[in-house]
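As a basis for the values below, the full set of heavy atoms in this structure was taken, side chains included, without hydrogen atoms, waters or symmetry mates.
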Amino acid sequence: MLNRRHIRVKVMQSIYAMHQSNSDDMVREEKFLFQSIENIRNLYLIIISALVEIRNSEEQHIERISKKHLATAEERNPNRKFVNNRVLKLLEENESVMNALEESKVDNWKKNDDYILILLEAIRESEVYNNYMQSNEDSFEEDKRFVHDLFVNVIAPNEKLYEYLEDYKLTWVDDIPLVNTLIAKQLKQIKPEGKPFFVPSLYKDSDDKEFVRNLFRKTVLNEVELAKEFIDKTPNWDTERIAEIDAIILKMAICEFLKFPSIPVKVTINEYLEISKEYSTPKSSIFINGILDNLVKDYQTNNKLIKAGRGLM
């Protein structure tokens, strides 16, 4: 589920939070870092379960109006295409999803079903929904295409859903796009048989989890030394004039240069330049790129840059 860039972002945010709170309790901050990462799985489950609850809520609505004393002919015989959608039913019956929901005790929509009703209203008003309901096609592929398009165009961009998730856990603000992208990809690839739909692992492998711990610890424990590496390269800037996020990004990048021999230099530079574009000032990426480029040349000249394996420079 997590990629290395998102791991770097989570570490950067944790170091920034430490600075803002003037905390020197690395054990507590590291625990918070890992907890914020673990919570991404719950975010994934909450969004996936919304699809299940939306279908269930619509089915209950159909059953309720069909039993009205003065139900119309359309209400007695409603179009059940949405509630019979094969992909939505597959998710509802999926063992991996149901077991994960039970294990993590995620039941947000049972306590906040008003948001499901808000989403249902937005769905009924959407062009994606109305085109689907009027279509005469009846296939798994159409059902899959509909659920994917519905998620991408109606559910994921819904402001009320975003506000709810943001209010529920502030650390999710930067995780929501990551999770939505993953779910959209999974919905596009889902199949009626063969490899079943599954809740993905949080980390790609044990190395990624170890990377979180090592990057956080090695940066925090060596902040003074890492800062000295770039302060001399910025004669026109004193420490106070360098943006807080820029300083953290530089320390993390230098930490990777010097203390992570298996990570290619180009990967480190590209990753932190992209992060700076998203999280710092408009000119930060140019400033950071200039510093890192000069440092790499200096390290190479002085044989300070030791990378293991081919193509790592």
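Applying the salt bridge (charged side-chain N to carboxylate O under 4.0 Å, His left out) test to R41 and every residue at least two apart in sequence or in another chain returns nothing. Taking the side-chain contact (heavy atoms from CB on, under 4.5 Å) definition, one finds that V152 meets it with H148, A184, sequence neighbours left out.
When all heavy atoms are compared, the tightest approach of L161 to I155 is CD2-O, 3.5 Å. In terms of heavy-atom proximity, V173 sits nearest to Y162 at CG1-OH, 3.6 Å.
Residue E30 holds its CD atom at 6.0 Å from CZ of F216, rounded to the nearest 0.5 Å. One distance of note links CH2 of W172 with CG of N42; it measures 6.0 Å at 0.5 Å rounding. L45 CG to S104 OG: the interatomic distance, rounded to the nearest 0.5 Å, is 4.5 Å. Interatomic distance, L221 CG to L226 CG, rounded to the nearest 0.5 Å: 10.0 Å. Here the CD1 atom belonging to I245 is positioned 11.5 Å from the CD atom belonging to E278, to the nearest 0.5 angstrom. Atom CD1 of I123 and atom CD1 of I54 lie 4.0 Å apart (nearest 0.5 Å).
Side chains of D174 and H6: no donor on one and acceptor on the other come within 3.5 Å.
More than 12 heavy atoms of other shown residues, nucleotides or ligands fall within 6.0 angstrom of atom CD in E137. More than 12 heavy-atom neighbours from other residues, nucleotides or ligands sit within 6.0 angstrom of CD on Q20. Dense packing is recorded around NZ of K81, with more than 12 heavy atoms of other residues, nucleotides or ligands lying under 6.0 Å away. Within 6.0 Å of CG in N302 there are more than 12 heavy atoms belonging to other residues, nucleotides or ligands. Atom CZ of F197 sits in a crowded spot, with more than 12 heavy atoms from other residues, nucleotides or ligands closer than 6.0 Å.
Under a 3.5 Å cut-off, the side chain of S96 and the backbone N or O of V199 do form a donor-acceptor pair. In this structure, the side chain of N85 engages the main chain of L88 through a donor-acceptor pair within 3.5 Å. Of the possible polar contacts, one joining the Q186 side chain to the F198 backbone as a donor-acceptor pair under 3.5 Å is found. Listed for the N303 side chain is no donor-acceptor partner under 3.5 Å among the backbone atoms of Y299. At distances below 3.5 Å, not a single donor-acceptor pair connects side-chain atoms of N108 with backbone N or O atoms of I46.
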Next on the checklist: Please evaluate residues D208 and R4 with respect to the criterion side-chain contact (heavy atoms from CB on, under 4.5 Å), reporting the C-alpha separation (whole Å), side-chain torsions for both, the decisive distance (0.1 Å), and the verdict.
Outcome noted: CA-CA 7 Å; D208 274 2; R4 284 285 178 105; 2.6 Å; yes
Next on the checklist: Pair K277, E274 - check salt bridge (charged side-chain N to carboxylate O under 4.0 Å, His left out), show working.
Outcome noted: CA-CA 5 Å; K277 288 174 186 176; E274 290 304 313; 3.2 Å; yes
Item to check | Y168 and N112: CA distance, side-chain angles, deciding distance, side-chain hydrogen bond (donor to acceptor under 3.5 Å, both in side chains) verdict | outcome: CA-CA 11 Å; Y168 188 78; N112 300 279; over 6 Å; no
Next on the checklist: Let's go through M26 and E29 carefully: what are the C-alpha distance in whole Å and the side-chain angles of both, what is the deciding distance for side-chain contact (heavy atoms from CB on, under 4.5 Å) to 0.1 Å, and is it a yes or a no?
Outcome noted: CA-CA 5 Å; M26 197 177 74; E29 300 300 335; 5.7 Å; no
Next on the checklist: salt bridge (charged side-chain N to carboxylate O under 4.0 Å, His left out), that's the test. Do E59 and R80 meet it? Break it down for me.
Outcome noted: CA-CA 8 Å; E59 186 164 46; R80 297 182 60 85; 3.1 Å; yes
Checklist entry - Would Q35 and N39 count as a side-chain hydrogen bond (donor to acceptor under 3.5 Å, both in side chains) if you check the C-alpha gap in whole Å, the side-chain angles of each, and the deciding distance to 0.1 Å? => result CA-CA 6 Å; Q35 187 58 56; N39 285 334; 3.2 Å; yes
Checklist entry - Given the rule in the side-chain contact (heavy atoms from CB on, under 4.5 Å) test, do N153 and E127 qualify, once you have shown the distances and angles that lead to the verdict? => result CA-CA 10 Å; N153 298 306; E127 185 179 353; over 6 Å; no
Next on the checklist: Using side-chain contact (heavy atoms from CB on, under 4.5 Å), reason through V27 and K31 one step at a time and then give a plain yes or no.
Outcome noted: CA-CA 6 Å; V27 174; K31 185 178 179 181; 5.7 Å; no
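Under a 4.0 Å N-O distance rule, the pair E121/R124 does not qualify as a salt bridge. Ion pairing between a basic and an acidic side chain is recognised when a charged N comes within 4.0 Å of a carboxylate O; E92 and R55 show such pairing. Ion pairing between E53 and K110 holds under the 4.0 Å rule for side-chain N and carboxylate O. With respect to the salt-bridge test (charged N to carboxylate O, under 4.0 angstrom), the residues E210 and R213 qualify. Ionic pairing of K304 and E229 is present here: one or more N-O contacts between side-chain nitrogen and carboxylate oxygen are shorter than 4.0 angstrom. Salt bridge annotation for D149-R145: absent, with no cationic side-chain nitrogen under 4.0 angstrom from a carboxylate oxygen.
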Could you list the donor-acceptor pairs under 3.5 angstrom formed between side-chain atoms of residues 286-296 and any protein atom two or more places apart in sequence or on another chain?
from, atom 1, to, atom 2, distance (Å)
D293, OD2, K297, NZ, 3.3
N294, ND2, G290, O, 3.2

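Under the 4.5 Å side-chain criterion, counting only non-hydrogen atoms from C-beta, L43 is not in contact with K169. By the 4.5 Å heavy-atom criterion applied to side chains, L165 and I47 are counted as neighbours. Between L178 and L2 the shortest side-chain heavy-atom distance falls below 4.5 Å. Looking at H19 and I248, their side chains come closer than 4.5 Å, going by heavy atoms from C-beta outward.
A ring-centre distance under 6.0 Å is not found for F211 and Y203.
Using a 30° and 60° split on the angle between ring planes, W109 and Y115 fall in the tilted class, from 30° to 60°. Using cut-offs of 30° and 60° for the angle between ring planes, the F146 and F82 rings count as perpendicular.
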